[in-house]
*Asks:* 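Quick one: the structure is below, and I'll ask about it shortly.
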Amino acid sequence: VQLQASGGGLVQAEGSLRLSCAASGRALSRYAVGWFRQAPGKEREFVSSIAWSGDSTIYEDSVKGRFTISRDNAKNTVYLQMNSLKPEDTAVYYCAAGRIPQTTVVDHYDHWGQGTLVTVSS
């Protein structure tokens, strides 16, 4: 499966963005999908993931209540709705697909998109 992340951009603090992760090749419904982010000089970190069925999600503590992950398997797409954005959310955001559900571990994901840059100004 090939993944392409999009939807990043420049937004002011407290603003919103919706990221999309579109899949081609195999059906995305076969996979759990996660969002990760990497800020300059920092390691890639887990943000959120959603099970293949969409009925189970997990979030990193700092984004709980602000970010919502969802998926539309008919469209082969996973979304990350980001509200109340903060400058510390600035990073390149990556989507990834894997067979292990509900995991926050980078190495558990086998397929990665190219990343989309989110910049939040104060």
Side-chain angles (χ1 to χ4, degrees):
V1 63
Q2 292 79 45
L3 304 175
Q4 179 152 0
S6 62
L10 174 63
V11 64
Q12 290 188 333
E14 297 303 315
S16 298
L17 284 173
R18 188 177 79 157
L19 305 184
S20 298
C21 176
S24 60
R26 290 190 172 183
L28 196 58
S29 59
R30 294 169 174 255
Y31 301 90
V33 175
W35 284 97
F36 292 77
R37 64 187 180 186
Q38 189 166 17
K42 294 188 176 181
E43 293 187 352
R44 193 167 297 189
E45 66 173 6
F46 172 80
V47 176
S48 181
S49 74
I50 187 166
W52 68 271
S53 61
D55 62 354
S56 185
T57 59
I58 56 174
Y59 296 91
E60 191 269 330
D61 285 346
S62 70
V63 307
K64 284 179 181 177
R66 300 189 298 122
F67 291 10
T68 303
I69 191 170
S70 62
R71 67 190 301 160
D72 184 339
N73 286 337
K75 295 184 178 179
N76 238 15
T77 302
V78 170
Y79 305 97
L80 185 68
Q81 178 66 44
M82 305 187 297
N83 298 329
S84 301
L85 282 161
K86 304 175 181 180
E88 52 263 43
D89 294 318
T90 296
V92 177
Y93 283 70
Y94 299 88
C95 62
R99 299 290 190 177
I100 301 175
Q102 303 301 86
T103 178
T104 66
V105 179
V106 169
D107 290 345
H108 288 172
Y109 291 84
D110 305 307
H111 309 279
W112 290 81
Q114 83 289 0
T116 185
L117 177 62
V118 172
T119 304
V120 184
S121 63
S122 57

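Since this is a predicted model, take the numbers as computed values, not measurements.
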*Asks:* Answer with yes or no whether the hydrophobic clustering places Trp52 together with Leu3; edges join I, L, V, M, F, W, Y residues whose side-chain heavy atoms lie under 4.5 Å apart.
*Replies:* no
*Asks:* Any chance you could measure Glu14, atom CD, to Ser84, atom OG, to the nearest 0.5 Å?
*Replies:* 5.0 Å
*Asks:* Indicate the atoms forming the closest heavy-atom contact of Pro87 with Ser122, along with that distance.
*Replies:* CG-CB, 3.8 Å
*Asks:* Does Tyr94 have Arg44 sitting over its ring (NZ/CZ under 6.0 Å from centre, angle to axis within 45°)?
*Replies:* yes
*Asks:* Taking side chain to side chain contact (heavy atoms under 4.5 Å, CB included) as the criterion, tell me which of Val33, Ile69, Thr104 meets it with Ser48.
*Replies:* Ile69
*Asks:* Assess whether atom CD of Gln38 is packed by more than 12 heavy atoms of other residues, nucleotides or ligands within 6.0 Å.
*Replies:* yes
*Asks:* Hey, any chance Phe46 and Val106 share a hydrophobic cluster, counting ILVMFWY side chains that come within less than 4.5 Å of each other, even indirectly?
*Replies:* yes
*Asks:* Of all the heavy-atom pairs spanning Val120 and Thr90, show the shortest one and how long it is.
*Replies:* N-OG1, 2.9 Å
*Asks:* Leu19, Tyr59: one ILVMFWY side-chain cluster at the under-4.5 Å cut-off?
*Replies:* yes
*Asks:* Which heavy atom of Val47 sits nearest to which heavy atom of Val63, and what is that distance?
*Replies:* O-CG2, 3.7 Å
*Asks:* Are any side-chain N or O atoms of Asn73 and backbone N or O atoms of Arg30, one a donor and one an acceptor, separated by less than 3.5 Å?
*Replies:* no
*Asks:* side-chain contact (heavy atoms from CB on, under 4.5 Å) between Thr119 and Val11: does it pass, once the steps are laid out?
*Replies:* CA-CA 6 Å; Thr119 304; Val11 64; over 6 Å; no
*Asks:* Can you give me the closest heavy-atom contact between Ile50 and Arg71, atom names plus distance?
*Replies:* O-NH1, 3.6 Å
*Asks:* Ignoring hydrogens, what is the shortest heavy-atom contact between Ser20 and Thr77? Give both atom names and the distance.
*Replies:* CB-CG2, 4.2 Å
*Asks:* Fit a plane to each ring of Phe36 and Trp112, take the angle between them on a 0 to 90° scale, and name the class: parallel (under 30°), tilted (30 to 60°) or perpendicular (over 60°).
*Replies:* tilted
*Asks:* Could you tell me whether the side chain of Thr116 and the main chain of Gly8 form a donor-acceptor pair under 3.5 Å?
*Replies:* yes
*Asks:* Is Lys86 salt-bridged to Asp89, going by a charged N under 4.0 Å from an acidic O?
*Replies:* no
*Asks:* Does a side chain donor of either Tyr93 or Arg37 reach within less than 3.5 Å of an acceptor in the other side chain?
*Replies:* yes
*Asks:* What is the ring orientation for Tyr31 with His111, classed by angle as parallel under 30°, tilted 30 to 60°, or perpendicular over 60°?
*Replies:* perpendicular
*Asks:* Please report the interatomic distance SG(Cys21) to CG(Leu80), rounded to the nearest 0.5 Å.
*Replies:* 10.0 Å
*Asks:* When you compare the side chains of Ser56 and Gln102, does any donor N or O come within less than 3.5 Å of an acceptor on the partner?
*Replies:* yes
*Asks:* side-chain contact (heavy atoms from CB on, under 4.5 Å), that's the test. Do Met82 and Val118 meet it? Break it down for me.
*Replies:* CA-CA 10 Å; Met82 305 187 297; Val118 172; 3.8 Å; yes
*Asks:* Does the Tyr109 side chain pair with the main chain of Thr103, one donor and one acceptor, at a distance under 3.5 Å?
*Replies:* yes
*Asks:* Nearest heavy-atom pair of Ser16 and Gln81: which atoms, and what distance?
*Replies:* CB-NE2, 3.9 Å
*Asks:* Keeping Arg26 on the side-chain end and Val1 on the backbone end, is there a donor-acceptor pair under 3.5 Å?
*Replies:* no
